[in-house]
Amino acid sequence: MDLKALRKIGYGLYIISSKKDNRFNGQIANTVFQTTSEPPTVAVCINKKNLTHEFIKESGVFVASVLAKETPMKLIGQFGFKSGREIDKFKDVRYRVGVTGAPIVLENTISYLEAEVINSSDVGTHTIFIGRIVNADIIKEGEPMTYAYYHEVKKGKSPKTAPTYIREEKPMEAKKMEKYVCTVCGYIYDPEAGDADSGIKPGTPFEELPDDWVCPICGAGKDDFEKES
Ligand code: FE
């Protein structure tokens with residue numbers, strides 16, 4: 001059996017948001033798909049440990065905001081590698097409250113679906129929520145981010161809580177300069193590329209990064225990095 005076969009399944013990338021009382025939370029998910037057209041319904045698979053899971057269970061509503069292809073890693077890191085138990089993910093993000101009362105992300109998104117949960121399925125580590133679409137719209141014209149594009153072009157990683165997580169295999173070829181991996185989110189600092197978002201020039205070794213440099217995806221400090229082996 002070769003589970004890499006699973007990687008040939010195509011997905012998109014979404015922010016799934018919900019509410020609880022007057023609090024909002026959201027997370028990145030790739031497992032969103034339309035289930036029926038009459039009535040229009042949509043399914044999403046969410047890890048039981050995630051705060052968004054708790055919010056969807058309590059409120060019975062969720063919003064799927066469809067990310068644009070050019071979404072910066074920072075936004076994906078904010079929603080995908082941080083917990084709403086520690087930060088307010090919507091603090092510095094443009095959004096509006098939808099008819100369900102859950103937030104619709106308006107930054108780097110091209111459309112959204114608002115849904116009321118009509119069914120759910122316990123699949124062990126995760127729950128599949130099926131929602132009837134009660135509101136939906138295009139935010140702006142553009143191409144959606146695909147899971148393949150996120151991994152192959154944006155060099156993004158999946159957290160271990162993702163339903164589609166597969167342990168990464170380390171490439172065998174020799175490295176000219178040492179790469180360092182963020183142990184929190186899996187981001188790889190490549191000295192040849194630098195980190196343009198933080199003004200780090202290409203060719204900067206990890207050791208020469210300023211002490212206050214943080215992971216551009218999850219915000220972890222240098223101490224949370226280890227040499228890629
Ligand atoms: Fe990180």
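Each ligand, and each atom within it, is numbered from 1 in the order the structure gives. Sequence positions, counted from 1, serve as the residue numbers for this chain.
- Between Phe24 and Tyr95, the distance from one ring center to the other falls under 6.0 angstrom.
- Remark: Phe129 pairs with His53 by the ring pair (Phe, Tyr, Trp, His ring centres under 6.0 Å) rule, at least two apart or across chains.
- Applying the ring-ring contact (aromatic ring centres under 6.0 Å, His included) rule to pairs touching residues 185-229 yields Tyr180-Phe206, Tyr189-Trp213, Phe206-Phe225, Trp213-Phe225, sequence neighbours excluded.
- Judged by distance alone, the side chains of His151 and Ser158 do bring a donor and an acceptor atom under 3.5 Å apart.
- Aromatic ring pairs are classed by plane angle as parallel below 30°, tilted from 30° to 60° and perpendicular above 60°; the pair Tyr150 and Tyr147 is parallel.
- Take a cut-off of 2.8 Å around the Fe ion (ligand 1): the protein N, O or S atoms inside it are Cys182 SG, Cys185 SG, Cys215 SG, Cys218 SG.
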Just list the side-chain donor-acceptor pairs under 3.5 Å for residues 11-19, sequence neighbours left out, or say none.
from	atom 1	to	atom 2	distance (Å)
Ser17	OG	Pro103	O	2.6
Ser18	OG	Ser59	OG	3.0
Ser18	OG	Val61	O	2.7
Lys19	NZ	Thr100	O	3.3

